[in-house]
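Scroll down for the structure; my scribbles are underneath it.
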Amino acid sequence: RDGAGGRAASRFAGVLVPGQVALATVVLIGAGLLLQTFTNFLRVDLGFRSDSLVTLTVTPRLVGYDATQTASYVNAVIARLEALPGITSVTRSHNPPGALGNTALVDVPGFESAAPMQRAAGRHRVGARVAETWGLTLVRGRDIAASDTEAARVALVNESFARHFFKTVEVTGRQFAFTGDSRAHTIVGVVADARERGPTRPVEPVAYTLLTPSEMGTTSVALRVQG
């Protein structure tokens with residue numbers, strides 16, 4: 001009986017060991033592919049400098065703040081952060097860098113009869129010094145400034161936006177509007193393309209316009225630190 005049991009155990013071990021080896025091989029291959037994917041992500045040029053960049057989110061509306069109170073609170077947070085040692089710049093936005101979630105249709109001469117997909121662009125609602133703080137590369141014009149008011153209707157656009165809608169990056173001073181809002185925005189600067197919807201998504205035309213008090217219910221605050 002012991003001999004039969006030993007032979008059965010030996011046969012079981014003979015089946016188990018190859019199975020374990022096969023499973024371990026699959027796990028190792030999976031881990032290697034995951035590591036390669038992670039390494040590829042690290043190599044992707046996001047278009048903005050993520051080093052020394054810190055983001056946080058504030059949601060004043062959760063405690064019942066109205067638009068005026070929210071704007072005052074966000075302004076106070078930014079002022080306090082700017083006063084801290086080691087902080088080189090601070091800005092606000094509706095979505096953090098690399099997490100764009102908004103798309104709008106653009107109205108410019110020459111695209112009046114174009115299909116909606118040809119008129120679509122990402123729209124980032126942002127604050128002053130966004131290019132400086134996010135680490136976007138300014139290739140033409142200037143950054144959005146603290147002196148730019150909502151009434152001024154200024155905008156940054158990326159190179160893809162400029163080339164798609166105007167066929168050139170020399171677009172400083174030119175204007176565009178969003179469908180449903182006839183008030184034009186004036187382009188004050190052009191930034192290099194960034195992967196605003198994440199590292200796996202392709203670049204696309206993007207406009208950066210001022211974040212208004214009514215849009216600050218949830219606000220992302222970004223700060224660049226020395227180092």
Side-chain angles (χ1 to χ4, degrees), residues 47-106 121-136 138 141-158 161 172 175-191 194 196-198 206-227:
F48 56 85
R49 293 187 295 109
S50 58
D51 60 295
S52 304
L53 179 64
V54 179
T55 62
L56 56 96
T57 300
V58 295
T59 312
R61 63 181 172 80
L62 292 180
V63 293
Y65 281 19
D66 61 22
T68 301
Q69 292 171 319
T70 294
S72 296
Y73 176 80
V74 172
N75 289 337
V77 169
I78 290 177
R80 290 194 177 190
L81 290 173
E82 287 176 329
L84 293 176
I87 305 298
T88 59
S89 63
V90 184
T91 194
R92 73 195 75 187
S93 59
H94 187 68
N95 297 109
L100 176 62
N102 301 312
T103 301
L105 297 182
V106 176
R123 184 181 182 182
H124 251 313
R125 292 168 172 85
V126 299
R129 304 175 73 184
V130 61
E132 177 186 358
T133 305
W134 287 7
L136 297 168
L138 195 65
R142 64 171 176 85
D143 201 349
I144 293 176
S147 58
D148 290 321
T149 63
E150 181 183 354
R153 309 284 289 179
V154 302
L156 295 177
V157 299
N158 68 355
F161 185 104
T172 303
Q175 294 186 322
F176 67 92
F178 293 109
T179 299
D181 183 356
S182 60
R183 297 173 298 170
H185 285 79
T186 300
I187 300 171
V188 297
V190 180
V191 295
E196 290 291 7
R197 296 193 195 269
V206 176
Y208 304 78
T209 61
L210 278 173
L211 180 69
T212 65
S214 63
E215 299 166 334
M216 293 185 192
T218 296
T219 301
S220 174
V221 177
L223 51 147
R224 183 158 295 281
V225 301
Q226 290 179 344

| Flag side-chain contact, heavy atom, 4.5 Å: Val126 against Ile144 | yes
| task | Would you mind reporting whether Val191 and Tyr208 have side-chain heavy atoms less than 4.5 Å apart? | result | yes
| request: Let me see the working for Leu100 and Val206 under side-chain contact (heavy atoms from CB on, under 4.5 Å), right down to the final yes or no. | output: CA-CA 9 Å; Leu100 176 62; Val206 176; 4.1 Å; yes
| query | side-chain contact (heavy atoms from CB on, under 4.5 Å) between Arg183 and Arg153: does it pass, once the steps are laid out? | reply | CA-CA 8 Å; Arg183 297 173 298 170; Arg153 309 284 289 179; 3.3 Å; yes
| task | List the atom of Leu136, the atom of Gly47, and the distance in Å for their closest heavy-atom pair. | result | CD2-O, 3.8 Å
| message | Counting only heavy atoms not in Arg80 (residues, nucleotides, ligands), do more than 12 fall under 6.0 Å from its CZ? | response | no
| message | Less than 3.5 Å apart, any donor N or O on the side chain of Glu215 or Thr212 sitting next to an acceptor on the other? | response | yes
| task | Before giving the answer on side-chain contact (heavy atoms from CB on, under 4.5 Å), spell out for Arg92 and Asn75 the whole-Å C-alpha distance, their side-chain angles and the decisive distance to 0.1 Å. | result | CA-CA 9 Å; Arg92 73 195 75 187; Asn75 289 337; 2.6 Å; yes
| query | Heavy atoms, side chains only, cut-off 4.5 Å: are Met216 and His94 in contact? | reply | no
| task | For residues Glu196 and Trp134, report the shortest heavy-atom separation together with the two atoms involved. | result | OE2-CZ3, 3.8 Å
| message | A side-chain contact here means heavy atoms from C-beta on lying under 4.5 Å apart; do Leu156 and Val190 qualify? | response | no
| said: Under 3.5 Å, is there a donor on one side chain and an acceptor on the other for Arg125 and Asn95? | reply: no
| said: Using the side-chain contact (heavy atoms from CB on, under 4.5 Å) criterion, which residues pair with Val225? Sequence neighbours excluded. | reply: Ser52, Ile87, Leu223
| task | Compare every heavy atom of Ala128 with every heavy atom of Ala145, then report the nearest pair and how far apart it is. | result | C-CB, 3.5 Å
| said: Using side-chain heavy atoms (C-beta onward) and a distance below 4.5 Å, is His124 in contact with Asn102? | reply: no
| query | Could you walk me through whether Thr55 and Val221 pass the side-chain contact (heavy atoms from CB on, under 4.5 Å) check? | reply | CA-CA 6 Å; Thr55 62; Val221 177; over 6 Å; no
| said: The criterion is ring pair (Phe, Tyr, Trp, His ring centres under 6.0 Å); which residues satisfy it with His185, sequence neighbours excluded? | reply: Phe176, Phe178
| Hey, are Arg129 and Asp148 close enough for a salt bridge, meaning a charged N less than 4.0 Å from a carboxylate O? | no
| Would you say the side chains of Thr103 and Arg197 form a donor-acceptor pair under 3.5 Å? | yes
| Given side chains that start at C-beta, do those of Asp143 and Val130 come closer than 4.5 Å, heavy atoms only? | yes
| request: May I ask you to check whether Thr91 and Thr133 show a side-chain donor-acceptor distance below 3.5 Å? | output: no
| said: Could you tell me if the side chain of Ser72 sits less than 4.5 Å from the side chain of Tyr65, heavy atoms only? | reply: no
| Would you call Glu82 and Ser89 a side-chain contact if the rule is heavy atoms closer than 4.5 Å? | no
| query | Checking side-chain contact (heavy atoms from CB on, under 4.5 Å) against Thr219, which of Leu211, Thr57, Leu56 comes through? | reply | Leu211
